[in-house]
Amino acid sequence: MLSDLGAVWLDYDHDGRLDLFVCTYVKYRIDGLRYCKLANDITSNCPPSAYSGTASLLFHQNRDGTFTNVTKRAGVYIPTGKALSAITCDVDDDGWTDIFVGNDGVENWLFRNNKNGTFTNVASAAGVAFAQTDGASIASMGIDFGDYRNEGIPGLFVADWSKRPDHLWQGRRGGFYTEVSAPSGIGDAGFPYLGFGAGFIDYDNDGWLDIFLANGHVYPEVEKSTTDERYLQPNQLFHNERNGKFHEATKEAGAPFALLHTARGVAFGDYDNDGKVDILVSNNDGAPLLLHNTAANRNHFVTLQLVGVKSNRDGIGARVWLKAGSTTLLQDRKSGGSYLSSSDPRLHFGLGDRAEFNEIEVRWTSGLRQTLKGKWASDRLYELREGDNTLRPATLPMMRKGAP
């Protein structure tokens with residue numbers, strides 16, 4: 001039996017129809033191995049190393065709305081994977097969507113789109129298959145791409161196991177990566193915790209992507225096995241210092257960050273449309289945690305909803321450059337993300353003190369490169385339709401005043 005854990009939508013062959021990539025974890029039997037021993041002879045659930053891996057699956061959408069399994073034909077069949085999460089991004093900036101897959105305790109995959117209906121796994125050459133610091137495999141539950149340096153190249157964040165640093169890679173031209181976990185301040189800060197959900201989020205709208213990390217152990221009995229690990233753990237927030245470094249802002253982020261949970265998935269989105277990105281965390285054996293962003297600043301924002309016409313309607317796979325004065329911000333319309341999670345499909349741009357913006361450029365999966373120039377007010381939700389050079393207010397309902 002296979003365990004399916006995550007999925008992403010993408011139009012990998014640019015035919016205007018969304019295809020489906022499904023993460024599969026390990027092979028197991030209901031009547032098979034269920035319990036293993038931790039240190040000090042403590043019984044708990046088994047680690048992924050106790051099971052054999054599986055190949056994740058790619059399904060191509062046919063013209064009649066049905067799907068065909070093209071895993072082997074497309075070159076993504078690797079039977080040793082233990083995939084927990086996947087995310088799409090155009091890592092080499094060639095206009096075609098690639099797929100990063102976070103595997104648990106075995107090498108990660110980076111499937112580069114060959115533009116002919118096939119992929120090549122380039123994770124090792126790109127530098128993201130293993131940790132670059134020691135060559136070890138990663139427990140990749142929380143993953144995200146984001147241009148955290150505002151240099152036009154998405155970086156990559158991957159959370160890891162407790163007593164292991166979390167991982168931040170700086171993107172390079174051509175789809176290559178250099179790990180900067182230690183100098184960025186990210187690695188050691190997460191060392192005591194087991195990271196699950198993670199993502200880039202500009203929580204204060206200053207125009208620089210920050211990082212949120214949801215933590216929680218997987219062994220309920222871990223505290224009986226060791227004295228320096230905890231099952232319930234706090235979440236973490238890291239502020240982008242605009243110089244490649246991050247400051248842990250957890251203590252300043254409010255009372256909810258002092259709570260202890262066994263966090264798993266995390267999704268980001270401005271649920272009340274007030275211009276600040278909120279966070280939803282799913283917790284194991286507990287209620288979800290909805291973190292309403294009440295950051296007190298005067299920074300501006302733009303939220304953009306893409307509508308594909310020739311491309312897929314959701315605009316998945318599009319790349320957007322937004323200019324405000326001399327600043328250019330880049331975002332991909334991604335699909336997927338952290339463990340069992342999917343976020344708000346709208347693109348949110350923090351603009352700092354800029355009360356207006358002057359240009360939007362979109363590269364759609366249809367091949368259309370669309371540029372709008374003008375002068376638009378910030379602090380708005382806009383809709384941009386493929387091929388239509390009019391930026392319109394998004395027709396989305398606003399939350400009632402006083403909503404939590």
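Keep in mind the model is a prediction, meaning the values are calculated, not measured. Along the sequence shown, residues are numbered consecutively beginning with 1.
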For Thr54 and Lys82, run side-chain hydrogen bond (donor to acceptor under 3.5 Å, both in side chains): C-alpha distance rounded to whole Å, both residues' side-chain angles, the deciding distance at 0.1 Å, then the answer.
CA-CA 6 Å; Thr54 62; Lys82 298 178 180 180; over 6 Å; no

Chi angles and distances behind the ring-ring contact (aromatic ring centres under 6.0 Å, His included) call for Tyr382, Phe357:
CA-CA 12 Å; Tyr382 291 100; Phe357 61 102; 5.7 Å; yes

Can His167 and Asp160 be said to form a side-chain hydrogen bond (donor to acceptor under 3.5 Å, both in side chains), step by step?
CA-CA 7 Å; His167 304 275; Asp160 205 345; 2.7 Å; yes

Is there a side-chain hydrogen bond (donor to acceptor under 3.5 Å, both in side chains) between Asn113 and Tyr12 once you walk through the steps?
CA-CA 7 Å; Asn113 195 322; Tyr12 73 89; over 6 Å; no

Checking salt bridge (charged side-chain N to carboxylate O under 4.0 Å, His left out) for the pair Arg63/Asp15: CA distance, chi angles, key distance, verdict?
CA-CA 9 Å; Arg63 292 182 180 276; Asp15 65 356; over 6 Å; no

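A donor-acceptor contact under 3.5 angstrom links the side chains of Thr68 and Asn62, judged on distance only. Checking Asn215 against Arg230 by side-chain atom types alone, no donor-acceptor pair falls below 3.5 Å. Donor-acceptor pairing under 3.5 Å is recorded for the side chains of Asp104 and Tyr25.
Residue pairs meeting the disulfide bond (SG atoms under 2.5 Å apart) criterion with at least one member in residues 261-295: none, sequence neighbours excluded.
Remark: the backbone N or O of Ala39 is paired with a side-chain donor or acceptor of Ser225 at under 3.5 angstrom. A side-chain donor-acceptor contact under 3.5 Å links Ser140 to the backbone of Asn103. With hydrogens and angles disregarded, no donor-acceptor distance shorter than 3.5 Å links the side chain of Glu361 to the backbone of Arg369. Listed for the Gln132 side chain is a donor-acceptor partner under 3.5 Å among the backbone atoms of Glu179. Of the possible polar contacts, none joining the Thr71 side chain to the Val76 backbone as a donor-acceptor pair under 3.5 Å is found. Ser56 places a side-chain N or O within donor-acceptor distance of the main-chain N or O of Thr24, the cut-off being under 3.5 Å.
Heavy atoms only, all atoms of each residue included: Leu391 and Leu372 are closest at N-CD2, 4.0 Å. Closest approach of Gly53 to Lys27, counting heavy atoms only: O-CE, 3.6 Å. When all heavy atoms of Phe111 and Phe119 are compared, the closest pair comes out as O-CD2, 3.6 Å. In plain terms, the two heavy atoms of Gly190 and Gln236 that are nearest each other are CA-OE1, 3.8 Å. Residue Gly207 comes nearest to Asn150 through the heavy atom pair O-ND2, 2.9 Å, listed as atom of the first residue, atom of the second, then distance. In terms of heavy atoms, Ser181 sits closest to Ser184 at O-OG, 3.0 Å.
In this structure the side chain of Gln370 reaches within 4.5 angstrom of the side chain of Leu384, judged on heavy atoms. Using a 4.5 Å cut-off on side-chain heavy atoms (C-beta onward), Ser378 and Arg354 make no contact. At least one side-chain heavy atom of Arg319 sits under 4.5 Å from a side-chain heavy atom of Leu330. Inter-residue side-chain proximity for Glu151 and Gln170 is flagged as met; some heavy-atom pair is nearer than 4.5 Å. Residues Leu156 and Leu168 form no side-chain contact, since every pair of their non-hydrogen atoms from C-beta on lies 4.5 Å or further apart. For the pair Cys23/Ser85, no side-chain contact is recorded, criterion being any heavy-atom separation below 4.5 Å from C-beta on. Counting only heavy atoms from C-beta outward, the side chains of Asn273 and Arg346 approach each other to under 4.5 Å. Inter-residue side-chain proximity for Asp278 and Asp270 is flagged as met; some heavy-atom pair is nearer than 4.5 Å.
Checked options Leu351, Asp202, Asn205; the residue passing with Asn299 is Asn205 (criterion: side chain to side chain contact (heavy atoms under 4.5 Å, CB included)).
Other residues, nucleotides and ligands contribute at most 12 non-hydrogen atoms within 6.0 Å of the CZ atom of Arg313. Counting heavy atoms of neighbouring residues, nucleotides and ligands inside a 6.0 Å radius, atom CZ of Arg17 exceeds 12 of them.
Taking the six-membered ring where the residue is Trp, Phe145 and Tyr177 present tilted rings, their angle falling between 30° and 60°. Aromatic ring pairs are classed by plane angle as parallel below 30°, tilted from 30° to 60° and perpendicular above 60°; the pair Phe257 and Phe212 is perpendicular.
Both cation-pi conditions hold for Arg264 and Phe196: the charged atom is under 6.0 angstrom from the six-membered ring centre and inside a 45 degree cone around its axis.
Interatomic distance, CZ of Phe130 versus CD of Glu107, reported as 4.5 Å (0.5 Å rounding).
Salt bridge status for Asp332 with Lys334: absent, with no side-chain N to carboxylate O gap under 4.0 Å.
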